[in-house]
Amino acid sequence: MSQSRTVRRREPRTISPAQIIVVSFAAVIAVGTLLLLLPVCTAEGNQTSFLDALFTATSATCVTGLVTVDTGTHWSIFGQLVILLLLQIGGLGLVTFTTFFHVMIGRRLGLRSRLLAQESVNGTGLENITLLVRMIVTASLLFELIGALLLSTVFVPKYGPRGFYLSIFLSVSAFCNGGMDPLGFEAPFISLCNYSSVPVVLGTVMALIAIGGLGFVVWSELLEFRRQRKLSLHTRVVLAGTAVMILSGALLILLLEHDNPATLGPMGWGDKILNALFGSITCRTAGFNTFDLAGMHSGSKVLFCVLMFIGACPGSTGGGIKVTTFTVIMMTVWCVIRGNSETVIFRRRVGQEAVYKALAILIVSLLAVLLCFAVILAVMDEFHPVLSELDVFFEAVSAFGTVGLSSGVTAAANAPARLALILVMYLGRVGPVSFALALSTRPARDRNIILPEGRIAVG
């Protein structure tokens with residue numbers, strides 16, 4: 001008696017959009033590292049180790065801004081141009097650029113390419129994704145050009161033709177929330193400290209950071225607002241949350257640091273307000289600084305950690321857990337306290353899937369930061385007398401939030417600590433949950449399966 005066997009054919013495995021995006025960032029980092037190792041990228045008299053090249057390429061591609069060597073003095077002009085290109089690609093995403101060039105040469109995008117582009121820019125629909133990608137790249141280049149022209153009014157009179165290059169670099173770095181600068185020839189690792197009383201420079205950089213951090217979908221809705229006269233819940237939360245974060249952050253920085261002789265103390269009140277506002281904007285993911293961060297009070301460092309961890313907005317050039325994630329979590333807590341079973345924001349119900357994802361992002365992000373913090377503490381015991389635990393935590397949050405502000409830990413870090421920072425920068429840029437999904441090989445479970453309810457006590 002013969003038994004028939006049913007052979008189950010294995011379906012071909014497809015690569016998800018999340019996996020492609022994760023791999024694309026890794027590929028850009030790898031190519032950037034190899035380029036930065038070329039002798040032509042290093043200024044005369046300097047040498048570049050593999051770890052310095054990898055750290056710089058990761059920091060630029062992940063638009064973080066933490067550096068182990070000074071950008072303006074260690075790298076040649078060619079090396080700085082490589083970093084500038086990495087900042088631009090990292091800010092907008094390799095997938096976004098690839099999609100844009102395909103559209104420009106007239107290639108029609110298939111469903112898979114549209115899904116990939118949608119994932120890259122956090123779009124909400126496939127209908128107008130090609131128009132959205134075209135708008136993103138065009139508007140980005142336009143904003144960067146306007147920013148460069150405004151900055152050149154300061155740098156060209158000061159440095160002549162070189163001022164154009166400095167203005168372009170700073171404009172791209174600010175818009176992409178990169179935080180790197182080529183001003184190290186003024187003083188190593190100086191950032192914008194020499195321009196703390198120049199409103200044109202600080203105002204332009206602040207505007208570029210804020211615009212780049214709003215998110216591409218928000219731009220699209222704001223451009224269409226005159227015609228449609230309505231904004232989605234996402235855009236309303238982004239605009240309200242961003243305004244609250246910037247203004248409250250600036251006020252707290254001013255209150256905490258106005259009399260600190262190492263930071264805002266020596267400035268006049270006009271400059272105090274301007275620099276407090278700049279600090280509130282830049283610490284959300286940009287990484288420029290106008291005063292010595294290591295000299296801040298402990299309370300200010302904690303405040304910076306909170307702002308850096310929250311970060312910018314989804315689909316933007318910035319990092320962090322995102323303003324919308326933080327808003328959903330806080331409103332969920334508020335609704336639970338009030339006895340509501342659902343999360344409501346601006347009289348709109350937020351779906352459970354968004355709430356669960358926000359909680360997952362928060363927990364996984366906290367674990368990533370704490371793991372990096374623990375690793376750095378474990379491998380840098382000899383630096384404890386100089387760098388406090390708060391400084392190390394500050395650096396871990398800055399790396400994860402792709403901010404780039406430093407309290408001095410990166411410069412003093414050894415190889416294992418720098419590798420930990422490299423990994424957390426990468427996780428912060430691609431997103432820890434997206435990275436976990438990209439590594440997952442299990443197919444999504446059927447959502448229609450209903451399981452028996454179980455009871456568990458919490459609180």
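Quick note: residue numbers are just sequence positions, from 1.
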Quiz item: Distance-only, no hydrogens or angles: does the Thr33 side chain make a donor-acceptor pair with backbone N or O of Ile29 under 3.5 Å?
Solution: yes
Exercise. For residues Ser406 and Leu293, determine if any side-chain heavy atom of one lies less than 4.5 Å from a side-chain heavy atom of the other.
Key: no
Self-check item: Any donor-acceptor N/O pair, Ser59 side chain to Leu66 backbone, under 3.5 Å
Solution: yes
Quiz item: Where do Ser365 and Ile361 come nearest, in terms of heavy atoms and distance?
Solution: OG-O, 2.6 Å
Quiz item: With a 4.5 Å limit on heavy-atom distance, are the side chains of Thr68 and Thr410 in contact?
Solution: yes
Practice problem: To the nearest 0.5 angstrom, please state how far the CG atom of Leu214 sits from the SG atom of Cys313. | Solution: 5.5 Å
Quiz item: Does one side chain, of Glu144 or Ser171, offer a donor that lies under 3.5 Å from an acceptor on the other?
Solution: no
Quiz item: Which distance, rounded to the nearest 0.5 Å, do you find between the CZ of Arg348 and the CD of Glu342?
Solution: 14.0 Å
Quiz prompt | Distance (rounded to the nearest 0.5 Å) between Ser191 OG and Asp181 CG | solution = 5.0 Å
Practice problem: Go through the structure and list residues passing side chain to side chain contact (heavy atoms under 4.5 Å, CB included) with Ala60, not counting sequence neighbours. | Solution: Ile83, Leu86, Leu87, Met180
Practice problem: Could you tell me whether a side-chain N or O of Arg284 sits under 3.5 Å from a main-chain N or O of Met308, the two making a donor and an acceptor? | Solution: no
Self-check item: Interatomic distance, Cys193 atom SG to Leu183 atom CG [nearest 0.5 angstrom]
Solution: 10.5 Å
Quiz item: Where do Ile209 and Phe175 land on the side-chain contact (heavy atoms from CB on, under 4.5 Å) test, with the steps shown first?
Solution: CA-CA 5 Å; Ile209 293 170; Phe175 179 80; over 6 Å; no
Quiz item: Does the side chain of Phe278 come within less than 4.5 Å of Leu192's, by heavy atoms?
Solution: yes
Using a 3.5 Å cut-off and no angle test, enumerate the donor-acceptor pairs between side-chain atoms of residues 264-275 and protein atoms at least two apart in sequence or in another chain.
from	atom 1	to	atom 2	distance (Å)
Lys272	NZ	His258	O	2.7
Lys272	NZ	Leu264	O	2.8
Lys272	NZ	Gly265	O	3.0
Lys272	NZ	Met267	O	3.3
Asn275	OD1	Thr290	OG1	2.7
Asn275	ND2	Ser196	O	2.8
Asn275	ND2	Asp271	O	2.7

Contacts table for residues 240-250: side-chain donor-acceptor under 3.5 angstrom, sequence neighbours left out:
from	atom 1	to	atom 2	distance (Å)
Thr242	OG1	Val238	O	2.6
Ser248	OG	Val244	O	2.5
Ser248	OG	Met245	O	3.4

Quiz prompt | Any donor-acceptor pair under 3.5 Å from Thr263 side chain to Phe291 backbone | solution = no
Quiz item: Which residues satisfy the side chain to side chain contact (heavy atoms under 4.5 Å, CB included) test with Leu359, sequence neighbours excluded?
Solution: Ile329, Val355
Self-check item: Taking every non-hydrogen atom, the tightest pair across Arg429 and Gly90
Solution: NH2-O, 2.7 Å
Quiz item: Thr153 side chain to Leu150 main-chain N or O, any donor-acceptor pair under 3.5 Å?
Solution: yes
Quiz item: Between Val205 and Ala174, what is the shortest heavy-atom contact and its length?
Solution: CG1-CB, 4.0 Å
Quiz prompt | Exam field: side chain Ser398 to backbone Leu405, donor-acceptor pair closer than 3.5 Å | solution = yes
Quiz item: Between atom CZ of Arg236 and atom CD1 of Ile345, what is the distance when rounded to the nearest 0.5 Å?
Solution: 10.5 Å
Quiz prompt | Leu170 backbone acceptor or donor facing Ser173 side chain under 3.5 Å | solution = no
Quiz prompt | Polar side-chain atom of Tyr426 near backbone of Val22 as donor-acceptor pair, under 3.5 Å | solution = yes
Quiz prompt | Side-chain touch Met206/Leu277, heavy atoms, less than 4.5 angstrom | solution = yes
Quiz item: Does the side chain of Glu257 reach to within under 4.5 Å of the side chain of Met296, using non-hydrogen atoms?
Solution: yes
Quiz item: CG of Leu421 to OG1 of Thr64: how many Å apart, nearest 0.5 Å?
Solution: 10.0 Å
Quiz item: Is there a side-chain contact between Lys322 and Ile310 (heavy atoms, below 4.5 Å)?
Solution: no
Exercise. Indicate the atoms forming the closest heavy-atom contact of Gly318 with Thr285, along with that distance.
Key: CA-OG1, 3.6 Å
Exercise. Could you pull out all residues at least two apart from Phe393 that satisfy side chain to side chain contact (heavy atoms under 4.5 Å, CB included)?
Key: Cys305, Val369, Leu370, Phe373, Val397
Exercise. Could you tell me how the ring of Trp219 sits relative to the ring of Phe143: parallel (under 30°), tilted (30 to 60°) or perpendicular (over 60°)?
Key: perpendicular
Quiz prompt | For Leu166 against Pro182, the heavy-atom pair lying closest together | solution = CD2-CG, 3.6 Å
Quiz item: Can you check whether Ile321 reaches Phe400 side chain to side chain, under 4.5 Å on heavy atoms?
Solution: yes
Practice problem: Might you point out which heavy atoms bring Asn260 and Gly295 nearest each other, and give the distance in Å? | Solution: ND2-O, 2.9 Å
Practice problem: May I have all residue pairs that pass ring pair (Phe, Tyr, Trp, His ring centres under 6.0 Å) and include part of residues 322-356, sequence neighbours excluded? | Solution: none
Quiz item: So do Cys372 and Leu423 actually touch side chain to side chain, heavy atoms under 4.5 Å?
Solution: no
Quiz item: Leu390 and Val302: side-chain contact (heavy atoms from CB on, under 4.5 Å), yes or no, with the steps?
Solution: CA-CA 8 Å; Leu390 179 57; Val302 173; 4.1 Å; yes
Practice problem: Check whether the side chains of Thr332 and Thr343 place a donor and an acceptor atom closer than 3.5 Å, and report yes or no. | Solution: yes
